[in-house]
Amino acid sequence: MGNDFHFACFFAAFVISVTCMVFTFTNKRTDKLQNKLYIWMLIIVVCNSFSGMIIAIGEPMLPIVRSAMPVVLFAQFTYFVLHAALCPLFFLYVSIVSGLAYKQTHLQRAICSLPFFVTEIMTIMNPHFRWIFYYNSNYEFTRGKAEIGIYLAAALYFLMSILLLWFSWKAINLRRRFAIVYFFVIVVAGVIIQFLDQNVKGELFAEALALMGLMLAVEMEDDLVDVNTGFYNRKALRMDVNNYLVNKTKVDLVCLKVSNADIIQKVTGSANVDLLAEIVSGYLKSIVPRFHIYQTNPETFVLVILDRKRLNGDDVAQMLEDRFKQTWEFKGMDILLNAEIMSVKLSDELTNTVDLFYMVDSVVNDKTTTKILYSKDLDHILRRGEMENAIARGLDENGFEVYYQPTFHLNGLKLHGAEALVRLNDPVMGRLFPDEFIPIAEQIGMIEMIDDYVLRQVCEFLQSGVPQKYGIENINVNLSVLQCLKPGFVDHICGIVEEYDVDKKTINFEITESVAASDYEMLSVVVSDLKKHGFRFAMDDYGTGYSNMQSIFSLDFDIVKIDKSLLWGAEETELGRIILGNSIKMIDQMGRRILVEGVETKEQLEMLKELSVDYLQGFYFSKPIPQNEFIEYIKKEK
Ligand code: C2E
Ligand code: CA
Ligand code: CA
């Protein structure tokens, strides 16, 4: 009965571990070091339980069948040889999963593997010295003097694994922690049960069960891997980067954003969004192994470089740049892909996952050609988190300040008005410019408060009567288009202005051309409503967007502000001159007044005098300046 029961215990362990093996291989989870260690642990449990079954059958036969002896001895021998490797493997496995393995020095590794080698040598020599076990003259299994050493070594590795888990607790996600703790508990329970009752062969059974737990919670990565490409996803990136950060592991990250991925759909006529991954995957895998590639968005890939001595992030970025300058062969077609490549060092330059995802999700202009951005170019992305805090702080602590830049009549260069331009003075980050914080404020929904603040400041200024006294006809206030389209916007604006004793026609709102493209019908209602209340309107940055001419000119603007790029372009080439000249002619024929921005030099001024524009704005006259300086400025002008 006893031996039948032993057999059943081993058989159960065998079936469980073989099942885990089958699932691991059918899911192709075999290429990472972690997977390989797991498979080795499974192999040990499979072989050990097989040996166990042979021993359970063979031992009772020993006194009768002489030839059973070598078989049983061999089964016991392989059992001990393999089993001595299980705990060290588990220790290695935990150190990989926790991420601490990457930080061990060669010396530490050598010390850690010492007990393993000692016990293995003792076991391998057992046929000669019988240190571990032997069969006595009554055919009974007998423990050798050194068998306790094997248990001690196993206990030592177990203890070290627990310590690893303790130190990397925060670096491991919940599910994995649970699986590893489960592993500890169930294996220890198995050992104790077997210790208390030699008849219950619980040890291997417990190990098989514990390995199954690891398979389900650690090895199973269906929620982390894309089935088609085999690349890891955002969730995996977050998890792994968090692990590197907590452990302070220095790794390089290279983020690759293909800016014209839609071209693939256009040339292939296929709606399959995975085509991009299919085209570039072979190349990416030739740089880093599959399991260090993450596809976070359909057109964004992140490569993790762990072995920085062999190849660092900047080298990889350079390789990618060179490759993306050439075409990609796909189904007989040559496709040229443009990519923005960002190279950053984790822990040094990138210190949290929030910034990481700002980088990963940053929007690339679809006209971007292939280029590399290093951390200094990524400052605006890397300091995005800080920036959000600065905006909130600015609103709380009155850190925003309105600057004014004067505008002039071309005719006689007489003072005409001013544009209100906001600045943020932050105690931590210093003076911040709107190009950086306005887009962020728009995304986090704080633009409304900023624009309201600016409008109130302008109203207060106008109410004082000072600007009007020195010849300012109106002050331009920038509006965010997103906000204009919100219901109740017109009432909201009127409500603010009516709190002050200000003539509405002294306020001139600006909306940029490029954004104005989104929703003309709504926008046109808003513009005409505000105009009915007496406000003026200007279209900003004309020439930077690619909007539909008919739609933008159907909006009831008083002034069109021609962007500085058109002026500067006109200085450079004949083509630029034709574009500027004809834009001005066209807008003039439509009866709108024209302001040209970005006038910096006397030459530009002379050129504009030849063309029929109305107003000028630019550093040639003045940079945007604080209100008190502005007052001094206009006093002098008068
Ligand atoms: P914008 O409306 O096109 O403002 C003109 C920008 O051009 C200003 O930059 C101004 O300093 C700059 N500029 C003016 N003349 C010259 C010149 O001769 N040469 C050069 N190189 N630059 C010149 P600023 O103040 O940094 O503002 C950037 C943008 O931020 C503005 O572009 C506007 O779109 C936005 N912005 C500024 N204040 C506000 C605001 O209160 N609300 C909203 N929603 N947006 C604002
Ligand atoms: Ca403006
Ligand atoms: Ca502008």
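One-based numbering, in listed order, for ligands and for the atoms of each. Note: hydrogens, waters and symmetry copies are ignored here, and every other heavy atom, side chains too, is used.
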I438 N/O to ligand 1 N/O under 3.5 Å: no
Protein residue, atom and distance nearest to atom 21 (N) of ligand 1, heavy-atom basis: E600 OE2, 3.0 Å
Y404/F461 aromatic ring centres below 6.0 Å: yes
Donor-acceptor side-chain pairing of D240 and Y232 below 3.5 angstrom: no
Protein heavy-atom partner closest to atom 12 (C) of ligand 1 - residue, atom, separation in Å: K564 NZ, 3.8 Å
Side-chain atoms of residues 469-477: list all donor-acceptor pairs with protein atoms under 3.5 Å, sequence neighbours left out, distances to 0.1 Å.
| residue | atom | partner | partner atom | Å |
| --- | --- | --- | --- | --- |
| E473 | OE2 | H409 | NE2 | 2.9 |
| N476 | ND2 | E510 | OE2 | 2.7 |

Salt bridge present between D529 and K532 (N-O < 4.0 angstrom): yes
Flag, side chain of D315 to backbone of N312, donor-acceptor distance under 3.5 Å: yes
Aromatic Y374 / basic K376 pairing, under 6.0 angstrom, 45° off normal: no
Location of contacts on V454 toward ligand 1, heavy atoms closer than 4.0 Å: side chain
Residue P624 vicinity, atoms of ligand 1 by number, heavy atom under 4.0 Å: 11 (O)
For atom 13 (N) of ligand 1, the protein heavy atom that lies nearest, with its residue and separation: F619 CE2, 3.6 Å
Ion pair check, K564 and E600, cut-off under 4.0 Å: no
Smallest separation among heavy atoms of Q468 and L462, with atom names: NE2-O, 3.1 Å
Short N-O contact, D361 and R234, less than 4.0 angstrom: yes
Residue part near ligand 1, for Q617, under 4.0 Å between non-hydrogen atoms: neither
The Ca ion (ligand 3) contact by D541, N, O or S atom under 3.0 Å: yes
Under-4.0 Å heavy-atom contact with ligand 1, by part of R423 that carries it: side chain
Ligand 1 atoms in contact with V422 (distance to a heavy atom under 4.0 Å): 38 (N), 39 (C), 40 (C), 41 (O)
Derivation of the side chain to side chain donor-acceptor pair (under 3.5 Å) call for Q318 and E321: CA-CA 5 Å; Q318 192 58 56; E321 188 189 23; 3.2 Å; yes
Atom 3 (O) of ligand 1 [closest protein heavy-atom partner, distance rounded to 0.1 Å]: D541 OD1, 3.1 Å
Among the N, O or S atoms of E419, the one nearest the Ca ion (ligand 2): OE2
Atom 15 (N) of ligand 1: the protein heavy-atom neighbour that sits closest, reported with distance to 0.1 Å: Q405 NE2, 3.0 Å
For ligand 1, the portion of K561 having any non-hydrogen atom under 4.0 Å away: neither
R423 to Y403, cation-pi by 6.0 Å centre distance and 45° axis angle: yes
For E419, atoms of ligand 1 separated by under 4.0 Å from a heavy atom: 2 (O), 4 (O)
Angle subtended at the Ca ion (ligand 2) by OE1 of E510 and OD1 of N478, nearest 10°: 90°
Protein contact of atom 27 (O) of ligand 1 - nearest heavy atom, named by residue and atom, plus distance: P434 CG, 3.3 Å
W328 and Y283 aromatic ring geometry - parallel, tilted or perpendicular at 30°/60° bounds: perpendicular
Atom 34 (O) of ligand 1: the protein heavy-atom neighbour that sits closest, reported with distance to 0.1 Å: N478 OD1, 4.5 Å
Ligand 1-proximal atoms of W568, by part, heavy-atom distance under 4.0 Å: side chain
N/O/S atom name from D540 that is nearest to the position of the Ca ion (ligand 2): OD2
Presence of N, O or S from E597 under 3.0 Å of the Ca ion (ligand 2): no
Sub-4.0 Å protein heavy atom next to atom 30 (O) of ligand 1: yes
K609 with E606: basic N within carboxylate O range, under 4.0 Å: yes
Axial cation check for F357 ring with R238, 6.0 Å and 45° limits: yes
Taking atom 43 (C) of ligand 1 as the reference point, the nearest protein heavy atom with its distance: D451 OD1, 3.3 Å
Between F408 and Y620, ring centroids under 6.0 Å: no
Side chain, backbone, both or neither: the part of D540 lying under 4.0 Å from ligand 1 by heavy atom: side chain
Enumerated ligand 1 atoms positioned under 4.0 Å from heavy atoms of D435: 28 (C), 29 (C), 30 (O)
